[in-house]
Number of protein chains: 4
Amino acid sequence: MAAEGRSERFIKRRQNRIERRRQEILAAAARIFAEKGYAATTTREVAAAADLAEGTLYNYFANKRELLLAVASEAEAPMEAAAMAASQIRDRAGLVTVVEQALDLPAPRLAFMRTMLAEAWVDDHILEEFAVIRLGRIHRRLTAFITERVADGTFRQIDPALTAQLVIGMFGAVLLPTLRGATPPPDADQRRILAESIVGLLLDGILTRGS
Amino acid sequence: MAAEGRSERFIKRRQNRIERRRQEILAAAARIFAEKGYAATTTREVAAAADLAEGTLYNYFANKRELLLAVASEAEAPMEAAAMAASQIRDRAGLVTVVEQALDLPAPRLAFMRTMLAEAWVDDHILEEFAVIRLGRIHRRLTAFITERVADGTFRQIDPALTAQLVIGMFGAVLLPTLRGATPPPDADQRRILAESIVGLLLDGILTRGS
Amino acid sequence: MAAEGRSERFIKRRQNRIERRRQEILAAAARIFAEKGYAATTTREVAAAADLAEGTLYNYFANKRELLLAVASEAEAPMEAAAMAASQIRDRAGLVTVVEQALDLPAPRLAFMRTMLAEAWVDDHILEEFAVIRLGRIHRRLTAFITERVADGTFRQIDPALTAQLVIGMFGAVLLPTLRGATPPPDADQRRILAESIVGLLLDGILTRGS
Amino acid sequence: MAAEGRSERFIKRRQNRIERRRQEILAAAARIFAEKGYAATTTREVAAAADLAEGTLYNYFANKRELLLAVASEAEAPMEAAAMAASQIRDRAGLVTVVEQALDLPAPRLAFMRTMLAEAWVDDHILEEFAVIRLGRIHRRLTAFITERVADGTFRQIDPALTAQLVIGMFGAVLLPTLRGATPPPDADQRRILAESIVGLLLDGILTRGS
DNA sequence: GATGAATGAGAATTCATTCAT
DNA sequence: TATGAATGAATTCTCATTCAT
């Protein structure tokens, strides 16, 4: 049993080591895919970025496409978090907070999301499996939230699904430059201002009250 | 002089023929670039789609990249039209009309725009030269329009530039699925409903008045 | 008969025009072949240099190789002249004169000779048909001349064929830089000095007499 | 330390293997370049001659031109040797020996030299970098040698540089057919006869003494 | 597991030649 | 005859993947 315990520990350690290496490769791949696009990236470049020999990649991923799918998979977490937050909004202040947090994309995940979104643009499988499913989840939660508020009279008689879609669009407009790598991520102050503006626009519109 | 007239006409005809051919090639290229992405498209595929020998492409475009740049260039017209319209809004009804028209992307141009946007995602030159410049123009016109309305008291004290960005985002949310080829372009009725919803959300917000 | 005479004249003129055009094409081809080598020259370049459409070349030459063979053919004249001169040497002054004249390669023929020699270096047919045959003729005349002089006691008991070969080599050493286009052709004064040096070296050797 | 020693040895062996392979490729390339000329040779032919896949060539040379430059570089040794020998001549017998040795081009190097010389004919960079520099070195050594002999009265008052050039030409005349692949390299007996003839012609001229 | 040389299918591009006008 | 667009075979070079070490 002691021997077994030891070998189990060894196996665990090895698996950890392997998993860690896998993550390093994915991070390297995401960085380069995000920069040059999947199709224009060579496995040699990925290997170099991950500080590995080319052949070693194939001990971790069956082929180049698996690498892409794994990167797209890893883009999941931030969108998941956004979806979770969306369903727990209670009041105006809560809404601002949620928007504010959603604007705080963790920098290391940027490359994953950028890769996924860029590929979704031309790759139907990526689009269906990742973008549609995950954005769909966010959209459904937002729609449900809006439907409730319309029912309880807080919101006007608006189309909840369309409104949810437009809200996602506003988000996109704000996050896109950062995702594209054109501007640095907004800092905490900027996020608060953006969040308040978005929520203000969304709740109150832009007309002067009474006009 | 008759002879000259004739040779001139011949030259003209040839130039027309050449220009027509160029357009056919561009349309074919845009279609395939949009579908598979620039990097994943082969010149062989473009030639086949344009019903030409591979070598013939190079009588019209110096290389594959020139083909991409020409496609991106041709994506200009719809965005130009949108920018023009944005600067001629007078009242709420006018705003609805403009939004409605902007949602009517001419189907044959879809492939050009999709190609351009997909490449802007990974190609800095395309991003700068086409996407940034043209979206920038629309953004500036919108910002100017909002600034005026804030000045004359029609709109609340909001940040015009940020608001313009959010408006563009709402647009994007509505147009994106069509650009991506995921949904057919909205018909006239759908466009009117979308336009009124967007304008309503934008002007009035989603809160019940008085809340 | 008058009519026939007229048509004959027309035919003659046309043939002259055609022949002139052929020569223009050959001169253009020789110039570019000489500069870049036959294999690296495109028919498009030749056509452009001859101020013609590509297709028109093929009204004058069956294909690119015929063009090369025609250029090689035209390289004949200067070598023919050299061979003629070589057989008419009478005395030391005559020898100097002949050498001097042989050093005066007509500039426009340079391109033809350079092309021929460059191709002979890799093309067996050109080597046999042009270089070997023509250099061979010169070599035979020189050998015959030397043989005579050995027989009449003017020259020492040397190997006439080998000596002729060495003489041709001395020539080559002097003409090569010009043929290659590395130095301008020698002017009259330089030619005289070179001729006297060559003849002096050849006849007297380099040892101080009596040593 | 044992492990290190082993890995060092492995690395050494690999480097040796790579270097050997490089040389094989160069030899194959030189052979075909010499036969057909650089421009007319395809990388496919080189690969086939080296018994390799086409792609493998590019693990050893960045592109076709690098292959040519490497071949030209390898043509250096024989010319270097000739230059060395040229500066160590002492007397007539020594001169004959040097000439004799210079006529003994190692057969495997023939293809390298033929390639280099053929390309120098149309490629300015090859001409400058290889032919001019190396022939120039030989020429300078010969010139210096002749200048000394003129100074000490052994040689007549001749132009040393021109004489050196003519001597190189005599060499060329003798070696050219072999370099071109038209005749087999001379054997030892032939080399001695040639050397004595050349030296005899050079030192004594062809006139009967006293004439 | 790690390495990196070898592979060969496939990519972009060129170019001699043809042929309708 | 002159033109130059069209052709497609051939060329150079790349790159995902394999495999012996």
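Just so it is clear: chains get the letters A, B, ... in the order the sequence lines come, proteins before strands, and each one is counted from 1.
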When you compare the side chain of [Y] with that of [X], does any pair of heavy atoms fall below 4.5 Å?
| X | Y | result |
| --- | --- | --- |
| B:Leu69 | B:Ile126 | yes |
| C:Met116 | C:Val71 | no |
| C:Arg31 | C:Arg114 | no |

If you only use heavy atoms from C-beta on, which nucleotide in F:dA5, F:dT1, E:dG4 is closest to the side chain of C:Ile18?
F:dT1
Residues passing the ring pair (Phe, Tyr, Trp, His ring centres under 6.0 Å) test with D:Phe33, sequence neighbours excluded, are D:Tyr38
Does D:Tyr60 have a side-chain nitrogen or oxygen under 4.0 Å from the phosphate oxygens OP1 or OP2 of E:dA5?
no
Does the pair C:Lys36/D:Asp124 count as a salt bridge with the N-to-O cut at 4.0 Å?
no
In whole angstrom, what separates [X]'s [atom1] from [N]'s [atom2]?
| X | N | atom1 | atom2 | value |
| --- | --- | --- | --- | --- |
| B:Glu45 | E:dT13 | CD | C1' | 17 Å |
| C:Asp51 | F:dT3 | CG | C1' | 13 Å |
| D:Arg20 | E:dA5 | CZ | C1' | 14 Å |
| A:Arg22 | E:dG1 | CZ | P | 12 Å |
| C:Glu24 | F:dT1 | CD | P | 14 Å |
| B:Leu57 | F:dA9 | CG | P | 16 Å |

Between the axis at one end of the helix from E:dA2-F:dT21 to E:dT21-F:dA2 and the axis at the other (five pairs apiece), what's the angle to 10 degrees?
0°
I'd like a table of donor-acceptor pairs (distance under 3.5 Å, sequence neighbours excluded) in which one partner is a side-chain atom from residues 48-60 of chain D, with atom names and distances.
| unit_1 | atom_1 | unit_2 | atom_2 | d |
| --- | --- | --- | --- | --- |
| D:Glu54 | OE2 | D:Thr43 | OG1 | 3.2 |

I'd like to check the side chain to side chain donor-acceptor pair (under 3.5 Å) partners of A:Glu128; sequence neighbours left out, ordered by chain and number.
none
Regarding B:Leu52, tell me which of base, sugar-phosphate or nothing describes its non-hydrogen contacts under 4.0 Å with the strands shown.
sugar-phosphate
Any base atoms under 4.0 Å from B:Arg14, or only sugar-phosphate, or nothing? Heavy atoms, all strands.
sugar-phosphate
Kindly list each side-chain donor-acceptor pair under 3.5 angstrom involving residues 20-28 of chain D, sequence neighbours excluded, with atom names and distances?
| unit_1 | atom_1 | unit_2 | atom_2 | d |
| --- | --- | --- | --- | --- |
| D:Gln23 | NE2 | D:Glu19 | OE2 | 3.0 |

Spell out, as yes or no, whether a donor-acceptor pair under 3.5 Å connects the side chain of B:Arg180 to the backbone of A:Ala120.
yes
Please figure out whether C:Arg17 or B:Arg17 has its closest DNA chain F nucleotide nearer the 5' end.
C:Arg17
Protein-to-nucleotide contact annotation, 5' to 3' order, nucleotides 11-21 of chain F [B base; S sugar-phosphate only; - none; under 4.0 Å, heavy atom]:
SBBBSBBB---
